[in-house]
Amino acid sequence: MKSELEKIITDLVNEKFNKIYKVDVFRPETKFGDFSTNIALKLAKELNASSLDIANQLADDLRSQFSEIFQEINVAKPGFLNFFLRDRYLLLDNDLNFKNEQLKDQVIVIETNNPNPFKAMHLGHALNAIIGDSLANLLEIGGARVHRVSYHGDIGSHVGKTMWAVLKHINNDPKNLISVEPNSRYKFLADMYSEGAKAYQADINIKAEIISLADQSYKLDDPIYKQVYQTCKDWSFEELDEVLKRLGSKTVERRYLESEVEPAGVEIVKKNIDKYFFLSKGALIFRGEDYGLFTTVFVSSSDRGLYAARDLGLIELKQRDFSPDKSMIVTASEQKDYFKVVIKASELCQIAKIGETNNITTGIVKLSSGKMSSRQGDAINIVWLFDEITAELSKYNKQVSQDLLVGAIRYQFLKVKLGSDIVFDIKQSISLQGNSGPYLMYAHARAQSIIRKSKQIIESVPDDFNIEDSERNLVLKIADFKDTMAKTISQLKPHLLCLYLYELSQEFNRFYEKNKVIGSDREIIRLYLVKSYAEVLRTGLLSLGIKALDEM
RNA sequence: GCACCUGUAGCUCAGUGGAUUAGAGUGUCUGGCUUCGAACCAGAAGGUCGCAGGUUCGAAUCCUGCCAGGUGUACCA
């Protein structure tokens, strides 16, 4: 309805004052009206006239020309126009098509997760995966042709740390890997990494050993090393897949590994020597300062492609595999400036079109209190969070539904503005009350319960549709869905949708408290509202990767 | 040092030009289940919107300066 109103008023203003203005209509506080516009205030300056006079003129014209739409039009103090619509114009727009002009038919490749094998997946990885996956959903809904990919570090120092501890643990005999129970492999690798990381810090001789083992991850020329490495890598991905599934993320189309993109990256750098890359202290560097950035080493003095070269290779491979119009890389904000360098280099080397690659940055997950056990270093293992939330949920139900767990975690991470740091407080993060996933799920289950129990069948808008005061706020909120969704997609900000769905559910709960549906003489109309609400909530949650439950 | 980000209620966060009382959740206090699911609802208390100027009919929101915190800044990713 918002856009329709904007069009009506824009046309009127253009005709009346012979000027082209884009009129904005917004939702004011409910006491002022259903919709408002400040166009008179803006016109007053241009026309050098009283804003109240202009508002009154517009109000008169709208009243006489569109009396079937407007119940009432008020002019308020500085010059606001406030509109109250007739009931049937408040109805939900049933056309739930969210195709976005900018996204339509665009080929977009997006990295939806990037946890490393050979170590545990921590909260930061989970945040990254949840956001990446949800953004991919939104892009799809907006009409883009989305390719989900992932990228993982299977070479380098973290591999050395884990391998050192693993080899020690199995006495350099791959056969001993059998002693690790299949369901404890994840924990095993996490422990091995932790042990290796500690030893690396503590002992200078072990440090040298680990560096050497890290080096082997590139060459794999030792048969025993290779076999153990391969097994652990396979285990890692089996476990990562499992964790990602538990997070509610969709599977990726293509999994890229650092080991495979490194040669491609080094080749690009070497092709562009003395053009964009220069030899300095034995390393190949990119002089970022020339572009307002900073110098970055792409190939080390020992002729190894560093992460910048790998990212360059990755960009090329994605280009080759998908020829995307847009490529999105989701990372933590600490890599923001670094990616400006890589993207600049990729554009200069003509691997990717200018503006094609975007780095979307998420915040960092921080801890609110230092004293948190069951973690290594300062990284909390995501599995631990699963267990904590499951324990909290089981206070209500013996059987904790996987969908509810997914909803709790995803909502928790998505409700904060994309890019903001998340201060992780365990108490708050497992809270099932207030602005939380379970709150939304609960409100949905309540609505479904009414729908199940009512004997009335209603598929479309009741003929004699009208609204009572106690129902009005819910109707207004439902009607906001389309705009909210459009905004969420065009700005790629999931928190806008989260906030909306929460407020929507609040309105539903208030409605529920005040109005009896079943047995009421307004049962048909109210049942229609309940169904509309449930449908909007279900659709909204689904786009965030959360399945609304009918019962819980 | 330079660059970017952040600073809103005890805590965690929305709100980026609009409406005499700046919004949620949480925490504290109070009230509400013989009535469609109380993982809910209603109410109270709680804020110099980091500080100081400026622009504007109007500023948490825009501009300038300052203060505080975070992140990045050549061979880790």
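Labels below follow one simple rule: chain letters A, B, ... track the order of the sequence lines, proteins then strands, and each chain is numbered from 1.
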Hey, are [Y] and [X] close enough side-chain-wise for a donor-acceptor pair under 3.5 Å?
| X | Y | answer |
| --- | --- | --- |
| A:Tyr439 | A:Asn509 | yes |
| A:Tyr256 | A:Glu260 | no |
| A:Ser505 | A:Tyr533 | yes |
| A:Thr331 | A:Asn359 | yes |

What integer number of Å spans the [atom1] atoms of [N] and [M]?
| N | M | atom1 | result |
| --- | --- | --- | --- |
| B:C11 | B:G47 | P | 12 Å |
| B:C66 | B:A22 | C1' | 25 Å |
| B:C5 | B:U12 | P | 22 Å |
| B:G53 | B:C67 | C1' | 15 Å |

| query | How would you list all residue pairs meeting salt bridge (Lys or Arg N to Asp or Glu O under 4.0 Å) that involve residues 438-452 of chain A, not counting sequence neighbours? | reply |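 Residue pairs passing salt bridge (Lys or Arg N to Asp or Glu O under 4.0 Å), neighbours aside: none found.
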
When both hydrogen-bonding distances must be under 3.5 Å and the geometry is Watson-Crick or G-U wobble, what is [N] paired with, if anything?
| N | result |
| --- | --- |
| B:G23 | B:C13 |
| B:A44 | B:U28 |
| B:C2 | B:G72 |
| B:C49 | none |
| B:U61 | none |
| B:G7 | B:C67 |

| query | Which sits closer to the 5' end of RNA chain B, A:Lys340 or A:Ser36, going by the nucleotide each is nearest to? | reply | A:Lys340

| request: Map A:Gly419 and A:Pro28 onto RNA chain B by nearest heavy atom, then report which one ends up closer to the 5' terminus. | output: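 Mapping each residue to its closest nucleotide by heavy atoms, the 5'-most match is A:Gly419.
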
| task | Using salt bridge (Lys or Arg N to Asp or Glu O under 4.0 Å) as the criterion, list what pairs up with A:Lys119, not counting sequence neighbours. | result | none

| query | Does the side-chain ring of A:Phe80 lie flat on the base of B:A19, meaning centres under 5.5 Å and planes less than 30 degrees apart? | reply | yes

| Has A:Phe32 got its ring stacked on B:A19, by the test of a centre gap below 5.5 Å and a plane angle below 30°? |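 A stacking contact exists, since A:Phe32 sits close and nearly parallel to the base ring of B:A19.
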
| said: In this structure, how many angstroms lie between the C1' atom of B:G37 and the CG atom of A:Leu440, rounded? | reply: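 Value for this atom pair: 16 Å.
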
Assign [X] to base, sugar-phosphate, or nothing according to its heavy-atom contacts below 4.0 angstrom with the strands shown.
| X | value |
| --- | --- |
| A:Leu527 | nothing |
| A:Asn74 | nothing |
| A:Asn82 | base |
| A:Leu499 | sugar-phosphate |
| A:Leu41 | base |
| A:Tyr439 | sugar-phosphate |
| A:Met441 | nothing |

| field | A:Lys531, NZ atom: more than 12 neighbouring heavy atoms under 6.0 Å | value | yes

Expected rows: protein N/O vs nucleotides 26-28 of chain B N/O, under 3.5 Å:
unit_1: B:U26; atom_1: OP1; unit_2: A:Gly434; atom_2: N; d: 3.4

| query | Is the distance from OP1 or OP2 of B:G37 to the nearest side-chain N or O of A:Lys453 less than 4.0 Å? | reply | yes

| task | Kindly say if A:Arg446 contacts the phosphate of B:A38, meaning a side-chain N or O under 4.0 Å from OP1 or OP2. | result | yes

| message | Could you work out, with side chain to side chain donor-acceptor pair (under 3.5 Å) as the rule, every residue matching A:Lys270, not counting sequence neighbours? | response | A:Asp303

| query | With sequence neighbours excluded, what pairs up with A:Tyr200 under the side chain to side chain donor-acceptor pair (under 3.5 Å) test? | reply | none

| A:His444-A:Phe508 aromatic ring centre distance below 6.0 Å |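 Ring-ring flag for A:His444/A:Phe508: false, centres at least 6.0 Å apart.
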
Give every donor-acceptor pair under 3.5 Å between a side-chain atom in residues 332-343 of chain A and any protein atom, sequence neighbours left out.
unit_1: A:Tyr338; atom_1: OH; unit_2: A:Tyr307; atom_2: O; d: 3.1
unit_1: A:Tyr338; atom_1: OH; unit_2: A:Ala308; atom_2: N; d: 3.3
unit_1: A:Tyr338; atom_1: OH; unit_2: A:Asp311; atom_2: OD2; d: 2.6

| said: Going by side-chain hydrogen bond (donor to acceptor under 3.5 Å, both in side chains), name the pairs with one or both residues in residues 284-293 of chain A, residues two or more places apart or in two chains. | reply: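 side-chain hydrogen bond (donor to acceptor under 3.5 Å, both in side chains) check on residues 284-293 of chain A returns A:Glu289-A:Thr295.
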
Donor-acceptor list for residues 157-165 of chain A side chains, cut-off 3.5 Å, not counting sequence neighbours:
unit_1: A:His158; atom_1: NE2; unit_2: A:Gly153; atom_2: O; d: 2.8
unit_1: A:Thr162; atom_1: OG1; unit_2: A:Phe118; atom_2: O; d: 2.6
unit_1: A:Thr162; atom_1: OG1; unit_2: A:His158; atom_2: O; d: 3.3
unit_1: A:Trp164; atom_1: NE1; unit_2: A:Glu209; atom_2: OE2; d: 3.1

| field | Summary of protein contacts for nucleotides 58-63 of chain B, nucleotide by nucleotide, where a base hit scores B, a sugar-phosphate-only hit scores S (4.0 Å, heavy atoms) | value | ------

| said: Generate the contact string for nucleotides 69-77 of chain B. Rules: B means base contact, S means sugar-phosphate contact only, - means no protein heavy atom under 4.0 Å. | reply: --SSSBBBB

| Contacting residues from residues 506-517 of chain A, given that a heavy atom lies under 4.0 angstrom of RNA chain B | A:Gln506, A:Asn509, A:Arg510, A:Tyr512, A:Glu513, A:Asn515, A:Lys516, A:Val517

| Which nucleotide sits closest to the side chain of A:Lys336: B:C5, B:C36, B:G25? |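 Of the candidates, B:C5 comes closest.
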
Return a table of donor-acceptor pairs under 3.5 angstrom between the side chains of residues 406-415 of chain A and protein atoms on other chains or two or more places apart.
unit_1: A:Arg410; atom_1: NE; unit_2: A:Leu544; atom_2: O; d: 2.8
unit_1: A:Arg410; atom_1: NH1; unit_2: A:Leu247; atom_2: O; d: 2.7
unit_1: A:Arg410; atom_1: NH1; unit_2: A:Gly248; atom_2: O; d: 3.3
unit_1: A:Arg410; atom_1: NH2; unit_2: A:Asp133; atom_2: OD2; d: 2.8
unit_1: A:Arg410; atom_1: NH2; unit_2: A:Ser134; atom_2: OG; d: 3.0
unit_1: A:Arg410; atom_1: NH2; unit_2: A:Leu544; atom_2: O; d: 3.2
unit_1: A:Tyr411; atom_1: OH; unit_2: A:Asn435; atom_2: OD1; d: 2.5
unit_1: A:Tyr411; atom_1: OH; unit_2: A:Cys498; atom_2: O; d: 3.2
unit_1: A:Lys415; atom_1: NZ; unit_2: A:Asn435; atom_2: O; d: 2.9

